[in-house]
Amino acid sequence: MATQEETFKKIVAHCKEYGFVFPSSEIYDGLGAVYDYGQNGVELKNNIKRYWWDSMTLLNENIVGIDAAIFMHPTTWKASGHVDAFNDPLIDNKDSKKRYRADVLIEDQLAKYDEKIEKECAKARKRFGDSFDEQMFKQTNGRVLEYVTKRDALHERFAQAMNDSNLEELKQIIIDEEIVCPISGTRNWTDVRQFNLMFSTEMGSTADGAMKIYLRPETAQGIFVNFLNVQKTGRMKIPFGIAQIGKAFRNEIVARQFVFRMREFEQMEMQFFVRPGEELKWFDHWKQFRLRWHKALGLGDEKYRFHDHDKLAHYANAATDIEFQMPFGFKEVEGIHSRTNFDLSSHAKHSGKKIEYFDPEINQSYTPYVIETSIGVDRMFLSVMCSAYEEQALDGGDTRVVLHLPPVLAPVKACVMPLVKKDGLPEKAREIMDMLKFDFKMAYDEKDSIGKRYRRQDAVGTPFCITVDHDTLNDGCVTVRFRDTMTQERVKIAELHELIRKATDPKELYKQIVNA
RNA sequence: GCGGUAUUAGCACAUCGGUAGUGCAUCGGCUUCCCAAGCCGAGGAGGUGGGUUCGAUUCCCAUAUACCGCUCCA
């Protein structure tokens with residue numbers, strides 16, 4: 001594991017050194033957990049996004065895209081549950097240095113009362129045997145009644161405090177209930193603090209007329225609030241999906257592991273609307289479709305696994321993650337959730353608008369159920385980089401650093417280089433550049449020895465190097481050098497276009513996804 | 001947000017209470033070459049802000065950032 005951590009550090013360093021990812025505002029010492037993509041990173045990222053977008057909107061004729069604004073009406077986040085659920089009251093124990101959610105500590109205390117009550121019942125059940133009447137016992141036994149009273153009182157006080165977001169009261173409850181830290185066993189608590197995971201800002205130019213609005217913590221809600229717009233104007237018939245790529249923002253308490261958890265990140269989400277009762281069938285369909293999308297890239301089938309959720313979020317009735325093997329373990333890259341009709345009905349309730357679909361096949365109106373596929377662009381980027389990075393030992397004791405990027409995603413598809421910087425070779429190389437540059441992202445290099453130039457392209461993952469030598473001027477052939485094998489092949493200039501196209505055309509991958 | 005560790009050039013590292021040095025990389029030139037060859041030349045650094053001191057990159061404090069652990073994670 002130590003060497004894997006070492007590898008991860010090297011990948012981070014490599015990302016910076018070769019223009020993939022830079023810390024944000026680095027000249028001002030950076031900004032925590034915010035990163036910028038460099039000249040190579042942005043190409044790779046754009047290629048990932050294009051691969052995803054086309055696999056959704058081209059391969060599925062019932063999926064269309066939208067691009068919703070980052071700012072949304074504040075009520076959106078009440079309806080989605082983010083205002084409540086993204087506001088965790090936290091408290092630290094000063095002795096053990098552990099942090100807990102204050103509400104969880106109090107809920108545990110409630111559970112303890114329930115346990116005590118159950119214990120009393122169990123004892124009595126043993127004593128009285130078959131004649132035991134639990135209802136009667138609970139209503140009459142002194143000790144049980146005492147526990148019930150305490151529990152109900154606590155519950156009411158707790159609910160009231162949570163409802164008012166009264167942090168002092170939450171701390172007072174913890175003190176009054178003599179709740180101790182499970183680790184240190186002490187009651188030496190800090191104040192309860194609120195960590196709102198949503199970023200907020202003001203809309204409106206005058207101070208008093210301004211409205212507090214949030215930067216979206218997920219892109220999904222932009223799709224839900226546009227459900228009727230798209231369904232009606234696009235004449236969409238269920239089942240159908242809406243895809244979106246966009247930025248989202250979360251004020252993470254701890255953001256770490258490079259671009260894996262950032263405060264500003266990009267999501268690619270598709271919400272698929274289905275008839276109630278058919279959601280689990282579609283859930284399974286999308287699980288398999290999405291896994292094929294990942295595997296088609298050829299990063300290694302064994303690096304993927306599903307992680308099904310046992311504990312489901314409040315809106316879901318099935319959920320799974322696609323995890324990828326990073327240097328720091330299997331980590332979630334994509335989530336697939338069966339979100340029921342939670343979001344649409346919640347928006348209907350909060351907006352007062354009817355959000356339903358009339359299904360002509362069964363002659364009924366209903367609120368559609370939703371299957372969500374949600375993948376983090378930055379996490380996808382990281383999994384591609386991690387699996388591509390290799391320090392390769394060569395015959396002769398040399399090593400080279402090479403990025404085995406899938407050619408479809410590679411920032412630069414090919415680099416043209418004259419073997420020497422004279423004898424008309426650079427001019428010939430430029431001709432080849434001009435021939436290819438409208439179709440592919442190309443690079444040109446004539447500095448340093450040919451070997452050094454090959455290594456430079458290896459380091460940014462360019463799949464092909466095209467070398468122009470003296471023979472080229474006579475026979476119209478060039479040497480194509482392949483990144484992964486380092487082998488070379490003599491190719492006619494006229495055939496270069498097709499060679500590069502075949503290797504870098506996403507169409508080949510789409511066929512795998514559809515035909516599997 | 002807590003605790004620990006760290007921060008010197010693009011990268012890796014060194015030195016020193018009083019000229020900050022090396023390798024790789026970068027740029028220009030020579031060599032003209034199919035896997036980081038060689039030669040000549042150039043540019044580029046002490047995270048930031050204070051304090052101690054005649055003098056601080058070095059000692060002290062604060063702060064920022066990163067890493068590790070905890071906590072959190074729709």
Side-chain angles (χ1 to χ4, degrees), chain A residues 2 5-6 8-10 12-14 16-19 22-34 80-82 84-86 88-101 104 183 190-191 193-195 197 217-218 220-221 248 250-258 260-261 267 269 309 311-316 319 321 328 331-332 335 337 339 342-343 372 374 392 394-396 398-402 417-423 425 446-459 465-471 478-483 486-490:
Chain A
E5 272 167 25
E6 210 52 39
F8 185 59
K9 275 184 193 164
K10 280 181 181 165
V12 174
H14 191 86
K16 191 187 161 195
E17 195 167 353
Y18 288 91
F22 307 122
S24 161
S25 332
E26 200 185 2
I27 60 168
Y28 295 109
D29 297 325
L31 185 63
V34 185
S80 70
H82 285 84
D84 296 328
F86 256 147
D88 297 332
L90 298 175
I91 190 167
D92 292 328
N93 184 276
K94 290 178 186 167
D95 298 310
S96 62
K97 309 286 182 201
K98 303 282 178 196
R99 165 167 301 164
Y100 303 92
R101 280 176 56 174
V104 170
I183 306 289
T190 64
D191 286 339
R193 283 163 300 182
Q194 194 91 356
F195 291 86
L197 294 184
E218 64 174 23
Q221 300 305 324
R250 286 181 203 171
N251 202 357
E252 300 282 354
I253 300 169
V254 171
R256 230 180 279 178
Q257 251 132 7
F258 198 41
F260 186 78
R261 179 162 300 140
Q267 293 183 305
E269 293 198 317
H309 292 208
K311 198 181 153 194
L312 296 168
H314 59 80
Y315 54 71
D321 295 335
F328 42 95
K331 294 288 172 186
E332 176 188 348
H337 299 125
R339 292 180 78 127
F342 173 84
D343 299 279
E372 165 187 88
S374 171
Q392 201 172 49
L394 301 177
D395 302 337
D398 263 7
T399 61
R400 67 161 183 160
V401 173
V402 52
M417 38 186 83
L419 187 60
V420 296
K421 216 187 318 186
K422 59 176 188 183
D423 302 336
L425 268 48
E446 58 178 29
K447 167 88 181 153
D448 295 313
S449 74
I450 193 75
K452 196 175 238 180
R453 284 179 269 169
Y454 286 155
R455 300 297 172 84
R456 267 203 286 264
Q457 295 304 318
D458 288 342
C465 289
I466 298 164
T467 305
V468 175
D469 59 23
H470 292 94
D471 293 340
V478 290
T479 305
V480 173
R481 180 265 194 188
F482 299 90
R483 176 195 66 196
M486 294 172 72
T487 52
Q488 305 186 352
E489 198 178 300
R490 207 64 190 159

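Within every chain, numbering begins at 1; the chains are lettered A, B, ... in the order of the sequence lines, protein sequences first and strands thereafter.
Between the side chain of R481(A) and the base of C35(B), a donor-acceptor pair under 3.5 Å is found. For a distance-only test at 3.5 Å, the side chain of Q488(A) qualifies as a donor-acceptor partner of the base of C34(B). If you check distances only, the side chain of R453(A) never reaches the base of C35(B) with a donor-acceptor pair under 3.5 Å. The base of C35(B) has none of its N or O atoms less than 3.5 Å from a complementary donor or acceptor on the side chain of D458(A).
Shown here are the side-chain contact (heavy atoms from CB on, under 4.5 Å) partners of V420(A), two or more places apart in sequence or in another chain: K422(A), D423(A), L425(A), H470(A). Among residues two or more places apart in sequence or in another chain, the side-chain contact (heavy atoms from CB on, under 4.5 Å) test is passed with E17(A) by none.
Within the 4.0 Å cut-off from OP1 or OP2 of C11(B), at least one side-chain nitrogen or oxygen of K16(A) is found. Taking 4.0 angstrom as the limit, R455(A) places none of its side-chain polar atoms (N or O) nearer than this to OP1 or OP2 of A25(B).
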What's touching nucleotides 37-42 of chain B from the protein side, N or O pairs under 3.5 Å?
unit_1 : atom_1 : unit_2  : atom_2 : d
A37(B) : OP2    : S449(A) : OG     : 2.6

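Here T399(A) lies in heavy-atom contact (under 4.0 Å) with a base.
The NZ-C1' distance, from K9(A) to U5(B), rounds to 10 Å in whole Å. Between the NZ atom of K10(A) and the C1' atom of G10(B) there is a distance of 18 Å, rounded to whole Å.
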